[in-house]
Amino acid sequence: MKEILEIAKKFNITSVPADLCECKVGHINSTYFIYCTDGEKYVLQNINTGVFKDPDILMNNIVGVTAHIRKKLEAEGKDPLRGTLKFYCAETGLYYYKDPEGRCWRLYKYVDHVDCFQSADSTELLERVGSAFGHFQMQLADYDAGALKETIPNFHNTPSRLNDFKISLEKDTAGRAASIKEDIAFVLDHSEVCSYIMDKIAEGTLPLRVTHNDTKLNNILMDSKTGEPVCVIDLDTIMPGSVLFDFGDAIRFGASSAAEDETDLSKVYMREDAFDAFAKGFVGGLEGSLSEDEILELPMGALVITLETGIRFLTDYLNGDTYFRIHYPQHNLDRARNQFALVRDMEEKMPRMREIVKKYI
Ligand code: GN1
Ligand code: MG
């Protein structure tokens with residue numbers, strides 16, 4: 001603990017770090033809340049450089065995007081310290097600190113008096129989350145996508161994810177393939193649908209936008225008093241992409257009836273009311289910037305991104321759990337099965353999902 005506080009002291013802040021607490025949510029970076037003697041709070045993160053291989057690219061993207069949003073907030077008369085994340089430089093002048101062991105750390109101001117939800121009980125909450133992610137898109141609509149570098153190449157390139165899966169299956173490093181034949185068959189049976197979004201981007205039917213790419217419900221901070229969305233967090237994967245990625249990932253997580261690792265699959269389905277509420281908020285938050293064609297494609301975004309996430313979990317299971325943080329040995333397999341159950345349900349509900357989004361054109 002002392003070591004981590006020492007790391008927090010490497011950043012250009014006037015407060016003195018005194019105490020900390022680890023945040024256990026998140027599959028990639030390690031996160032600590034830092035409490036200072038003057039009452040200020042910060043968030044210190046150990047950047048997972050196995051995943052984000054170039055911290056310079058990562059932090060340049062984030063600093064650029066948050067500066068852009070900050071300007072918009074100031075113009076709207078809103079508090080820029082609440083509406084977007086503020087990162088601090090280390091003594092070196094870089095927005096991350098490299099410790100003697102080579103680990104990279106970053107520090108940002110803790111946004112206080114907010115709630116962060118892991119699941120949505122109410123449709124009102126989902127509508128707000130939807131509008132926050134839609135609004136985020138809007139705020140970045142005039143951001144120069146050329147200034148962004150890919151932090152994880154091919155992040156939502158589902159055919160490329162499928163290819164990685166096939167390579168892992170072939171290698172079978174952890175010797176697990178024989179025990180998961182049905183799950184493997186599920187992926188291979190769904191090969192064709194994997195290219196749905198990428199084909200449309202290549203054809204020019206779906207435009208490239210600046211997207212968040214990790215639009216889980218828990219990546220929006222909501223004001224504890226008013227319940228209104230305050231800030232979009234987890235900006236590591238902001239890259240050029242399709243709006244279907246953001247809509248899809250949000251539905252995958254937020255409109256599911258159960259947690260991402262629920263093992264009783266009879267409890268796992270896509271909630272139509274939650275889908276409707278999120279779609280309403282999201283399309284509304286975009287303030288008319290989506291074409292009719294894009295809106296009609298949104299439901300397929302949910303199906304493809306849920307399938308892709310399941311494939312990523314299963315690939316990691318085959319690889320011996322090297323990517324996602326797991327809490328027990330079969331965790332990735334359980335997560336994959338959960339996502340595939342959701343895919344099956346979405347396949348059945350697709351006509352209904354299309355009817356729902358049509359209402360918001
Ligand atoms: C990872 O760490 P977290 O929970 O924000 C992953 C997402 C997955 C998600 C699945 C950089 O996000 O792509 O959808 O787990 N982030 C990265 O829960 O791979
Ligand atoms: Mg994330």
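In what follows, residues are counted from 1 in the order of the sequence shown. All ligand and atom numbering here is 1-based and tracks the order in the structure.
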Asks: Below 4.0 angstrom from a heavy atom of Gly26, which ligand 1 atoms are there? Numbered from 1 as shown, please.
Replies: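 Those of ligand 1 that fall under 4.0 Å from Gly26 are 2 (O), 4 (O).
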
Asks: As an exercise, identify every atom of ligand 1 less than 4.0 angstrom from a heavy atom of Phe52.
Replies: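 Reading through ligand 1 atom by atom, the close ones are 11 (C).
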
Asks: Is the gap between the ring centers of Phe186 and Phe340 under 6.0 Å?
Replies: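 Aromatic pair counts; centres sit under 6.0 Å.
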
Asks: Give yes if a backbone or side-chain nitrogen or oxygen of Asn219 is under 3.5 Å from a nitrogen or oxygen of ligand 1, and no if not.
Replies: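 N/O-N/O distance under 3.5 Å: no.
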
Asks: Identify the two heavy atoms, one from Ala177 and one from Ile184, that lie closest to each other, and give their separation to 0.1 Å.
Replies: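 Here Ala177 and Ile184 meet closest at O-CD1, 3.5 Å.
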
Asks: Of the listed options (Ile233, Thr309, Ile28), which comes nearest to atom 1 (C) of ligand 1 when hydrogens are ignored and any heavy atom counts?
Replies: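 Selected option, by shortest heavy-atom distance: Ile28.
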
Asks: Identify, by atom number and element, the atoms of ligand 1 in contact range of Tyr323, meaning under 4.0 Å from any of its heavy atoms.
Replies: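 In order of numbering, the contacting atoms are 11 (C), 17 (C), 19 (O).
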
Asks: Tell me which part of Arg252 gets within contact of ligand 1: side chain, backbone, both or neither, using heavy atoms under 4.0 Å.
Replies: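 The part of Arg252 near ligand 1 is the side chain, not the backbone.
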
Asks: Looking only at N/O atoms, are Asn213 and ligand 1 under 3.5 Å apart anywhere?
Replies: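 No; every N/O pair is 3.5 Å or more apart.
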
Asks: Show the atoms of ligand 1 that are less than 4.0 angstrom away from any heavy atom in Glu260.
Replies: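 Counting from 1, the qualifying ligand atoms are 10 (C), 18 (O).
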
Asks: Does the separation of the ring centres of Tyr42 and Tyr108 fall below 6.0 angstrom?
Replies: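 Centroid separation for Tyr42 and Tyr108: 6.0 Å or greater.
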
Asks: Can Val193 be reached from Val343 by stepping across I, L, V, M, F, W or Y side chains whose heavy atoms are under 4.5 Å apart?
Replies: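 Shared cluster, yes.
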
Asks: Quick one, Val357 and Glu297 - any side-chain contact, counting heavy atoms below 4.5 Å?
Replies: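 No, their side chains stay 4.5 Å or more apart.
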
Asks: Using distance alone, decide if ligand 1 has a nitrogen or oxygen within less than 3.5 Å of any nitrogen or oxygen in Lys216.
Replies: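 N/O-N/O distance under 3.5 Å: yes.
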
Asks: Apply salt bridge (charged side-chain N to carboxylate O under 4.0 Å, His left out) to Asp334 and list each qualifying residue two or more places apart in sequence or on a separate chain.
Replies: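 Applying salt bridge (charged side-chain N to carboxylate O under 4.0 Å, His left out) to Asp334 gives none.
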
Asks: According to ring-ring contact (aromatic ring centres under 6.0 Å, His included), does anything in residues 225-251 pair up with another residue at least two apart or in another chain? List the pairs.
Replies: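 Found His156-Phe245, Phe247-Phe275, Phe247-Phe278, Phe247-Phe282.
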
Asks: Below 3.5 Å, N or O to N or O, backbone or side chain included: is there any such pair between Asp234 and ligand 1?
Replies: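 In this structure, Asp234 places an N or O atom under 3.5 Å from an N or O of ligand 1.
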
Asks: Quickly, which of Glu260, Glu308, Arg252 forms a side chain to side chain donor-acceptor pair (under 3.5 Å) with Gln339? Name it, please.
Replies: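 Between Gln339 and the candidates, side chain to side chain donor-acceptor pair (under 3.5 Å) is satisfied uniquely by Arg252.
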
Asks: What do you reckon, does Arg335 put a non-hydrogen atom under 4.0 Å from ligand 1?
Replies: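 Checking ligand 1 against Arg335, which is what was asked, there is no heavy-atom contact under 4.0 Å.
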
Asks: Taking only heavy atoms of Phe313, which atoms of ligand 1 are found under 4.0 Å from at least one of them?
Replies: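 Atoms satisfying the 4.0 Å criterion: 10 (C).
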
